[in-house]
There are 2 protein chains.
Amino acid sequence: MAATTHLEASLARRRSLTDEERVVLRALPSERSTYAHGDLIVREGIAPEGSCLLVRGMAMRAHRIGRSERVVSALHVPGDFVDLHSFLLDHLDHDIVAVGPCTIDFVAAEHLEEITRDYPHLGRLLWLETLIDAKMHRMWVATRAALRGSQRVGHLICELHARLGMVGLVNGGGFEMPLDQRGLAEVLGYSVVHVNHAVRDLRAEGLLEWTGGRMRLPDPGGLAEFAGFDPAYLELTHPKG
Amino acid sequence: MAATTHLEASLARRRSLTDEERVVLRALPSERSTYAHGDLIVREGIAPEGSCLLVRGMAMRAHRIGRSERVVSALHVPGDFVDLHSFLLDHLDHDIVAVGPCTIDFVAAEHLEEITRDYPHLGRLLWLETLIDAKMHRMWVATRAALRGSQRVGHLICELHARLGMVGLVNGGGFEMPLDQRGLAEVLGYSVVHVNHAVRDLRAEGLLEWTGGRMRLPDPGGLAEFAGFDPAYLELTHPKG
DNA sequence: CGGCACTTTGAGAGTGGTCAAACGTCGTGG
DNA sequence: CCACGACGTTTGACCACTCTCAAAGTGCCG
């Protein structure tokens, strides 16, 4: 599937697109790359000449604060326009790192500028994507203050389940999980040992199965209830045209 | 000063505006309101018909997660377009609450739509404001993972010092601080007792003076060094036209 | 002077970190 | 087929960070 088809699907999942807009998106040039687990997709500090659309795999934003190890501020799933914002900002303040094998489509900044100039509604949909990213960031801030241990782990798992479900990557109640317990700890700001205990507790409660790089939620509602997860912040529906 | 002059100043602090754009912004109708400390400015779940520009005071975003007390995901200072995103999203997933006495200018959604439609560059500046919000959110996620205790408290104080400085609200090395220790704890996701100890330590190190609702940084560089604070993420400069 | 709100201190307990070691699993090479 | 090593998972011991509850101290204002 071409890059632009992915962008089309990505925008269409939240708002309706006209036929003309679909044509414009399909005609949008892009360049495809693949990465292995842990590869640097975009390096902190550089001025990217385009933005990257995540087609397959996951990616994370990794910051360096003071003298600490890298810390993760966000996780992205297929369909996410990972650094769409870099075409208005001049440089990234963090790395973008591949989580599991990744496929990325790069879209040049000039083409994004054309879209925002010539197709205001499409421009607003791109803006909307960045606003939803911001909502997720705020929810991460809030859940880190409100939840501890297995609830916090469960909340992230619910979020991934919902986000991957939206792009058709959940089947049989489960999904591919490219992060191991160490990676999950890094994303959550926990230690491996602590995540291990939280996962053990979720398993014991019958709320999580996780083997061989695949996660399954035997009782998604129960996990959501347990973790205080309300998917409203993900804007999964089509409320406006 | 009229609402629209504030918006003009707000956008001009990061990018250059043309004379025409300044005229458009000054002609933008808005409605002014004032609030007392703790007042609800916008309630979770409603569909606002406009966006609010913070003119004076501070405001915070307060979430409810699971069965927890309210948790704060962001803090806003004068010049911030607090819920600019609500004109593309259909409802807020959190409250916006006044911190100290606040003045707010409401701008109707239809006028924002006109601007984004008729003045693409202005639209991009509005988009940029929301992108910088998102950067701050990510930094909050990252600092909560990377920093503890007095470093985390110090980082927030450095951020406030920098953001208030950008809008001319720092004088004599200090600024008005409408939050008390309890409020600061709420914003940081800490308990009052813990914040009190962190503040005590910062004072003992000569990095903070805080009396009578006013905060002063005797050694801003020293505090930034101590807290691992790098203001780059706030985009204080004018790198693009 | 008497409230009242905020700050400060102390004690005890839960959450989460570090270090270290044991255990499993899986792919490679003999 | 088995031995081996690499890597991820699991467990235990111990300690630091942070919370809650409680109470005392401080400053402001009627």
Side-chain angles (χ1 to χ4, degrees), chain A residues 36-38 65-72 99-101 143-157 176-205 208-215 226-228, chain B residues 36-38 65-72 99-101 143-157 176-205 208-215 226-228:
Chain A
H37 180 73
I65 311 281
R67 293 161 289 292
S68 67
E69 315 256 302
R70 74 176 182 195
V71 287
V72 176
V99 174
T143 54
R144 276 160 192 240
L147 307 176
R148 342 245 83 199
S150 51
Q151 287 189 321
R152 191 146 124 198
V153 174
H155 197 279
L156 177 62
I157 293 172
E176 297 303 312
M177 179 56 168
L179 286 165
D180 57 17
Q181 291 192 8
R182 177 160 36 97
L184 188 54
E186 206 172 11
V187 168
L188 285 161
Y190 274 156
S191 69
V192 193
V193 176
H194 202 61
V195 164
N196 180 265
H197 288 171
V199 167
R200 179 235 292 152
D201 295 345
L202 290 176
R203 281 175 172 147
E205 295 291 330
L208 175 66
E209 295 166 14
W210 184 9
T211 52
R214 186 175 171 79
M215 243 181 203
F226 172 77
Chain B
H37 180 73
I65 312 281
R67 294 161 289 292
S68 67
E69 314 257 301
R70 74 176 180 194
V71 287
V72 176
V99 174
T143 53
R144 277 161 191 239
L147 307 176
R148 342 245 83 199
S150 52
Q151 288 190 320
R152 191 145 124 198
V153 175
H155 196 278
L156 177 62
I157 293 172
E176 297 303 313
M177 179 56 168
L179 286 165
D180 57 17
Q181 291 192 9
R182 176 161 37 97
L184 188 54
E186 206 172 11
V187 168
L188 285 160
Y190 274 156
S191 69
V192 192
V193 175
H194 201 62
V195 163
N196 180 266
H197 289 171
V199 166
R200 179 235 293 152
D201 295 345
L202 290 176
R203 281 173 171 147
E205 295 291 330
L208 174 66
E209 295 167 13
W210 183 10
T211 52
R214 185 174 170 79
M215 243 181 203
F226 172 76

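Letters A, B, ... are given to chains in the order of the sequence lines, protein chains preceding strands, and every chain is numbered from 1. Atom set for the values below is all heavy atoms of this structure, side chains included, hydrogens, waters and symmetry mates excluded. These numbers were taken from a predicted model, which means no experiment stands behind them.
- Put simply, NE2 on A:H194 is 16 Å from C1' on D:dT9, counting in whole angstrom units.
- Sorted by first and then second residue, the salt bridge (Lys or Arg N to Asp or Glu O under 4.0 Å) pairs with a member in residues 193-204 of chain B form an empty list; sequence neighbours excluded.
- Atom-to-atom, CD of B:E69 to P of D:dC19 comes out at 13 Å; the value is rounded to the nearest Å.
- Dashed line: the shortest gap from a side-chain N or O of B:R144 to OP1 or OP2 of D:dT18 is not under 4.0 Å.
- Nearest heavy atom pair, residue B:A198 against residue B:V153, reads CB-CG2, 3.7 Å.
- With sequence neighbours left out, the side chain to side chain contact (heavy atoms under 4.5 Å, CB included) criterion links B:P178 to B:M58, B:V99.
- Between the two ends of the helix from C:dC1-D:dG30 to C:dG30-D:dC1, each summarised by a five-pair axis, the helix axis turns through 20° (rounded to 10 degrees).
- The distance between atom CG of A:L202 and atom P of D:dT10, rounded to the nearest whole Å, is 12 Å.
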Protein-nucleic acid N or O pairs under 3.5 Å, nucleotides 10-12 of chain C:
none

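- Closest approach of A:A145 to B:G189, counting heavy atoms only: CB-CA, 4.1 Å.
- Taking each heavy atom of A:A146 and B:V71 in turn, the nearest pair found is CB-CG1, 3.9 Å.
- Note that the CG atom of B:L184 and the CE atom of B:M215 stand 5.5 Å from one another [nearest 0.5 Å].
- Of all non-hydrogen atoms in B:V199 and B:W210, the two that sit nearest each other are CG2-CZ3, 3.9 Å.
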Run the side-chain contact (heavy atoms from CB on, under 4.5 Å) test on A:H194 and A:L188 for me, step by step, so that the C-alpha distance in whole Å, both residues' side-chain angles and the decisive distance to 0.1 Å come before the verdict. CA-CA 10 Å; A:H194 202 61; A:L188 285 161; over 6 Å; no

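- Here the P atom of nucleotide C:dG24 and the CH2 atom of A:W210 are 19 Å apart, to the nearest Å.
- Shortest non-hydrogen contact noted between B:I157 and B:L208 is CD1-CD2, 3.8 Å.
- Residue B:N196 contributes atom CG, which lies 12 Å from atom P of D:dC19 at whole-angstrom precision.
- For DNA chain C, the residues of residues 176-190 of chain B within the heavy-atom distance limit of 4.0 Å (strictly under) are B:D180, B:Q181, B:R182, sorted by number.
- Partners of A:E205 under the salt bridge (Lys or Arg N to Asp or Glu O under 4.0 Å) rule, at least two apart in sequence or in another chain, do not exist in this structure.
- Listed by residue number, there are no residues of residues 145-155 of chain A with a heavy-atom contact under 4.0 Å to DNA chain D.
- For residues 180-192 of chain A, the set of pairs meeting the salt bridge (Lys or Arg N to Asp or Glu O under 4.0 Å) definition, not counting sequence neighbours, comprises A:R70-A:E186, A:D180-A:R182.
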Enumerate the protein-to-nucleotides 27-30 of chain D contacts in which both atoms are nitrogen or oxygen and the separation is below 3.5 Å.
none

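- For residues 143-153 of chain B, the side chain to side chain donor-acceptor pair (under 3.5 Å) pairs, not counting sequence neighbours, are B:R152-B:Y190.
- Scanning for side chain to side chain contact (heavy atoms under 4.5 Å, CB included) contacts around B:E176 gives B:R214, with sequence neighbours left out.
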